[in-house]
Amino acid sequence: MAGNSKPKPPFQDKPLILQVYEWLRDSIYRGEHKVDDRLNIDKLSQAWGISKTPIRESLNALCKDGLVDYAPRRGFFVKRLSYKELMDVLELREALELYCLYRYFKTYDRIALMDFLSRFESTFTSLRATGSPDDYLDVDADFHTFLVQSTGNQQIADTYRVLDTNLRYMRLHDTAFLKELAGATISEHKTIINAILEGNRKLAMYALMEHLDSVRERFTRIYASEKKSE
């Protein structure tokens, strides 16, 4: 099956289950395992030279994260999110991010925000030059995670981590739109950051809400176009 003959990952000095989990998760993010691909435990075990147990436990963890599905007697598969699941994730994301921005508005690290401004600028230049969305996807995900993790609230951060797993995967489906929309999307992020730096909470909240609404609309178009092609 696709994705089951990948080279052995460079395992490092940390718990094997965590390494396998991260390797499988990141390979899905990179698109090496496509939607509906079967993740064959036996083949992965043979290819990587490790036992089946850490692979099985990692796949179970990815099921909880919403990236993988398990079908009795068939095995594990890369999950295809339904439109309803996608909208539910985006709705919860919006609720968490807007709450964090409102509640912790005055606590955000200004140096970190300036760094994000710089990263978005360089990402836009890189995207225009190469057409590759990889750098943009990274800074986009990092910025939204920053809005939440800066609260210092571990319960919120843990909830968002599971959401972020789905969001990073969903962003891969957005790549066809990125080159066309990157300028506007990067501009949206810069508006949010500048509003925080200027101490304008109302504008920052409005800009974030507008940005998240545009993301929702974009994915709605993606699902609509996929539905027509079925």
Side-chain angles (χ1 to χ4, degrees), residues 1-82 84-86 88-93 96-97 100 132-175 215 219:
M1 289 291 178
N4 288 323
S5 59
K6 299 297 179 186
K8 181 177 179 180
F11 294 123
Q12 301 171 354
D13 186 21
K14 57 182 174 180
L16 183 59
I17 292 176
L18 176 60
Q19 294 181 70
V20 174
Y21 166 84
E22 291 176 346
W23 178 260
L24 287 170
R25 180 200 63 194
D26 292 347
S27 67
I28 293 173
Y29 289 162
R30 292 190 298 267
E32 294 175 7
H33 299 295
K34 306 297 184 182
V35 170
D36 296 330
D37 274 358
R38 184 184 177 198
L39 300 166
N40 188 298
I41 294 177
D42 291 335
K43 290 184 178 180
L44 290 171
S45 174
Q46 293 172 9
W48 294 351
I50 59 176
S51 70
K52 300 176 185 178
T53 299
I55 298 173
R56 182 177 294 105
E57 292 189 15
S58 298
L59 288 170
N60 283 326
L62 289 168
C63 284
K64 294 179 181 178
D65 286 348
L67 282 183
V68 171
D69 261 340
Y70 175 75
R73 296 184 297 279
R74 296 181 62 220
F76 294 92
F77 296 82
V78 178
K79 183 173 181 176
R80 177 184 294 275
L81 287 175
S82 70
K84 176 65 164 58
E85 289 173 321
L86 171 60
D88 287 349
V89 168
L90 292 176
E91 184 176 4
L92 181 54
R93 173 202 190 185
L96 282 177
E97 288 192 26
C100 292
S132 171
D134 293 346
D135 291 341
Y136 169 76
L137 293 173
D138 286 341
V139 67
D140 178 47
D142 289 348
F143 175 66
H144 288 279
T145 300
F146 165 81
L147 290 179
V148 173
Q149 291 186 339
S150 293
T151 65
N153 186 315
Q154 193 59 49
Q155 293 297 319
I156 292 177
D158 288 344
T159 299
Y160 193 82
R161 183 193 63 78
V162 177
L163 283 180
D164 185 56
T165 300
N166 284 277
L167 291 170
R168 287 176 186 260
Y169 178 51
M170 289 188 296
R171 286 185 183 98
L172 294 177
H173 295 279
D174 198 29
T175 53
V215 171
F219 280 116

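Heavy atoms only: backbone and side chains are in, while hydrogens, waters and symmetry mates are out.
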Validation row: R161, D65 side chains within 4.5 angstrom (heavy atoms): yes

From CZ (R25) to NE2 (H33), nearest 0.5 Å: 13.0 Å

Least distance between heavy atoms, K79 atom then G66 atom: CD-O, 3.3 Å

Side chain S45, main chain I41, donor-acceptor under 3.5 Å: no

From L163 atom CG to I156 atom CD1, the distance as rounded to the nearest 0.5 Å: 12.0 Å

Working for side-chain contact (heavy atoms from CB on, under 4.5 Å), residues F76 and L62: CA-CA 10 Å; F76 294 92; L62 289 168; over 6 Å; no

Beyond-backbone contact of E85 with V89, side-chain heavy atoms, under 4.5 angstrom: no

4.5 Å side-chain heavy-atom contact, L24 and L67: no

Beyond-backbone contact of T53 with E57, side-chain heavy atoms, under 4.5 angstrom: yes

Minimal non-hydrogen separation, P54 against L16, with atom names: CG-CD2, 3.9 Å

Straight-line distance of L96 CG to H144 NE2, nearest 0.5 Å: 13.0 Å

Euclidean distance, K52 NZ relative to N40 CG, rounded to 0.5 Å: 9.0 Å

Residues Q154 and D158: side-chain donor-acceptor under 3.5 angstrom: yes

Closest non-hydrogen atom pair between Y21 and S58, with its separation: N-OG, 3.2 Å

Spatial distance of atom CD (Q149) from atom CG (L147) [nearest 0.5 Å]: 10.5 Å

Steps toward side-chain contact (heavy atoms from CB on, under 4.5 Å) verdict (V68, I28): CA-CA 9 Å; V68 171; I28 293 173; 4.0 Å; yes

Partner residues of E22 under the side-chain hydrogen bond (donor to acceptor under 3.5 Å, both in side chains) criterion, sequence neighbours left out: K14

Side chains of Y160 and E97, donor plus acceptor under 3.5 Å: yes

Contact summary for Y70 and C63, nearest pair of heavy atoms: N-SG, 4.1 Å

S27 OG to L44 CG distance, which is reported to the nearest 0.5 Å: 8.5 Å

Check: T145 side chain, D142 main-chain N or O, donor-acceptor pair, under 3.5 Å: no

